[in-house]
2 protein chains.
Amino acid sequence: MKEILREIGMIARALDSISNIEFKEFDLTKGQYLYLVRICENPGIIQEQLVDMIKVDRSTATRALQKLVINDFIEKKEDPYNKKIKRLFPTEKGKKVYPFIKRENEHSDLVALKGFSEKEAEAAFDLLQRIRKNVEKDWESVKKGNKRDY
Amino acid sequence: MKEILREIGMIARALDSISNIEFKEFDLTKGQYLYLVRICENPGIIQEQLVDMIKVDRSTATRALQKLVINDFIEKKEDPYNKKIKRLFPTEKGKKVYPFIKRENEHSDLVALKGFSEKEAEAAFDLLQRIRKNVEKDWESVKKGNKRDY
DNA sequence: TTTAATTTGTTGCAAATGCAACAAACAAAG
DNA sequence: CTTTGTTTGTTGCATTTGCAACAAATTAAA
């Protein structure tokens with residue numbers, strides 16, 4: 001059995017660690033960049049969708065978003081038709097930081113794919129997407145309290 | 001530019017989240033399984049090597065290992081030739097838990113690779129290893145305080 | 001050998017993380 | 001319409017996480 005999960009864990013921790021260090025320059029604390037990019041790319045998105053995209057606990061998201069609001073990177077707006085949800089939008093400050101995050105992320109992708117041919121890069125992306133889709137089913141299930149048999 | 005980094009982040013967080021939930025059954029708290037499997041597979045390994053394998057902060061490792069010692073999963077032994085390092089070994093209790101962790105991890109690998117042909121699985125592993133090697137160079141550099149240009 | 005640099009490991013904060021337990025709005029079922 | 005279930009979001013609490021700043025042992029250099 002190929003231990004792809006360990007490789008993925010190493011890569012993810014390394015890249016996340018790097019990003020967190022690099023984004024301190026913009027006064028973004030640990031993990032915040034994850035939320036901010038996605039809100040910039042999907043203005044009006046709600047927290048629960050963000051949670052599904054990022055794969056993080058709901059309570060963690062609540063607090064990360066609260067802090068992004070306090071530090072004026074995003075704002076929460078009520079929906080006229082649904083009092084339960086809060087739509088998230090980047091502020092001017094948030095929009096200004098976005099290109100830097102984007103650029104850094106692209107650089108990391110570039111580093112990750114160094115030495116890859118066009119074909120290989122495509123293949124990697126394709127395979128990873130499939131893995132992600134496979135894995136997120138289990139995540140949703142386990143998060144809801146279901147048990148996996150193994 | 002293919003955003004493989006996002007896919008990898010999603011997969012890693014989802015799988016880590018699942019593992020942490022599943023290993024509570026064995027009284028392992030968040031992240032501890034990462035250290036324990038590697039110590040079981042590399043008895044006598046030292047903390048710094050573990051840090052490089054897992055890609056985590058040194059101080060985080062110190063505390064995770066302290067807790068594994070307290071809960072009797074591992075023990076630290078001094079090296080006769082080097083007073084600085086502490087060699088890590090699984091206890092009986094640690095050895096007993098190992099197969100369950102291993103099994104769970106294998107199950108997750110299996111889930112991740114569902115629908116993959118033998119060839120595709122091989123390809124995925126190969127590509128991931130290359131990505132990991134690319135990324136760990138930057139991680140080591142940035143962790144030492146160097147800046148990346150992007 | 002003495003000095004300087006590197007490796008390895010630990011603590012003190014301050015902060016993020018996530019499981020529970022909850023509440024409120026909404027949707028579905030009766 | 002009322003009841004029941006689901007979705008969305010928040011807090012309390014305990015824990016993990018990681019940057020700094022440090023100390024001690026080891027290795028390299030002078």
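By convention in this document, chain letters (A, B, ...) are assigned in the order of the sequence lines, proteins followed by strands, and residues within each chain are numbered from 1.
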Participant: What pairs with A/Phe89 under ring-ring contact (aromatic ring centres under 6.0 Å, His included), at least two apart in sequence or on another chain?
Facilitator: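 Applying ring-ring contact (aromatic ring centres under 6.0 Å, His included) to A/Phe89 gives none.
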Participant: Checking one residue: B/Ile11. Which other hydrophobic residues are in its cluster under the side-chain 4.5 Å linking rule?
Facilitator: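 Other cluster members: A/Ile4, A/Leu5, A/Ile8, A/Ile11, A/Leu15, A/Leu113, A/Phe116, A/Phe125, A/Leu127, A/Leu128, A/Ile131, A/Val135, B/Ile4, B/Leu5, B/Ile8, B/Leu15, B/Leu113, B/Phe116, B/Phe125, B/Leu127, B/Leu128, B/Ile131, B/Val135.
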Participant: Which salt bridge (charged side-chain N to carboxylate O under 4.0 Å, His left out) pairs, counting each pair once, include a residue from residues 43-52 of chain A, with sequence neighbours left out?
Facilitator: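 For residues 43-52 of chain A, and leaving out neighbouring residues, the salt bridge (charged side-chain N to carboxylate O under 4.0 Å, His left out) pairs sorted by first residue read A/Glu48-A/Arg58.
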Participant: Does anything in residues 84-101 of chain B pair up under salt bridge (charged side-chain N to carboxylate O under 4.0 Å, His left out), and if so which pairs, sequence neighbours excluded?
Facilitator: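 Matches after skipping sequence neighbours: B/Asp79-B/Arg87, B/Glu92-B/Lys95.
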Participant: Just report the end-to-end axis angle for the helix from C/dT1-D/dA30 to C/dG30-D/dC1, five pairs per end, to 10 degrees.
Facilitator: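 Answer rounded to 10°: the end axes differ by 30°.
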Participant: Using heavy atoms and a sub-4.0 Å distance, could you list which residues of residues 140-148 of chain B are near DNA chain D? By number, please.
Facilitator: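 Within this stretch, B/Lys143 sit under 4.0 Å of the strand.
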Participant: Nucleotides 11-14 of chain C: which of its N/O atoms have a protein N/O under 3.5 Å away?
Facilitator:
residue : atom : partner : partner atom : Å
C/dT11  : OP2  : B/Gln66 : NE2          : 3.2
C/dG12  : O6   : B/Arg63 : NH2          : 2.7

Participant: At a heavy-atom distance below 4.0 Å, what parts of residues 69-86 of chain B sit against DNA chain C?
Facilitator: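 Here the set is B/Lys76, B/Lys84, B/Ile85, B/Lys86.
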Participant: Flag yes if more than 12 heavy atoms outside A/Phe26 fall under 6.0 Å of its CZ atom; otherwise flag no.
Facilitator: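 Yes, the 6.0 Å shell around CZ holds more than 12 heavy atoms from other groups.
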Participant: With sequence neighbours left out, write down each residue that passes salt bridge (Lys or Arg N to Asp or Glu O under 4.0 Å) with A/Glu41, or none if nothing qualifies.
Facilitator: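 So A/Glu41 forms a salt bridge (Lys or Arg N to Asp or Glu O under 4.0 Å) with A/Lys102, B/Arg6.
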Participant: Can you list everything that forms a side chain to side chain donor-acceptor pair (under 3.5 Å) with B/Arg38? Sequence neighbours excluded, please.
Facilitator: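 Per chain and number, B/Arg38 pairs via side chain to side chain donor-acceptor pair (under 3.5 Å) with no residue.
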Participant: Which residues pass the side-chain contact (heavy atoms from CB on, under 4.5 Å) test with A/Ala61, not counting sequence neighbours?
Facilitator: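 Here the qualifying residues are A/Tyr35, A/Gln47, A/Val51, A/Val56.
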Participant: Where along residues 21-56 of chain B does a heavy atom fall under 4.0 Å from DNA chain C?
Facilitator: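 Nucleic-acid contacts, sorted: B/Ile21, B/Lys24, B/Lys30, B/Ile46, B/Gln47, B/Glu48.
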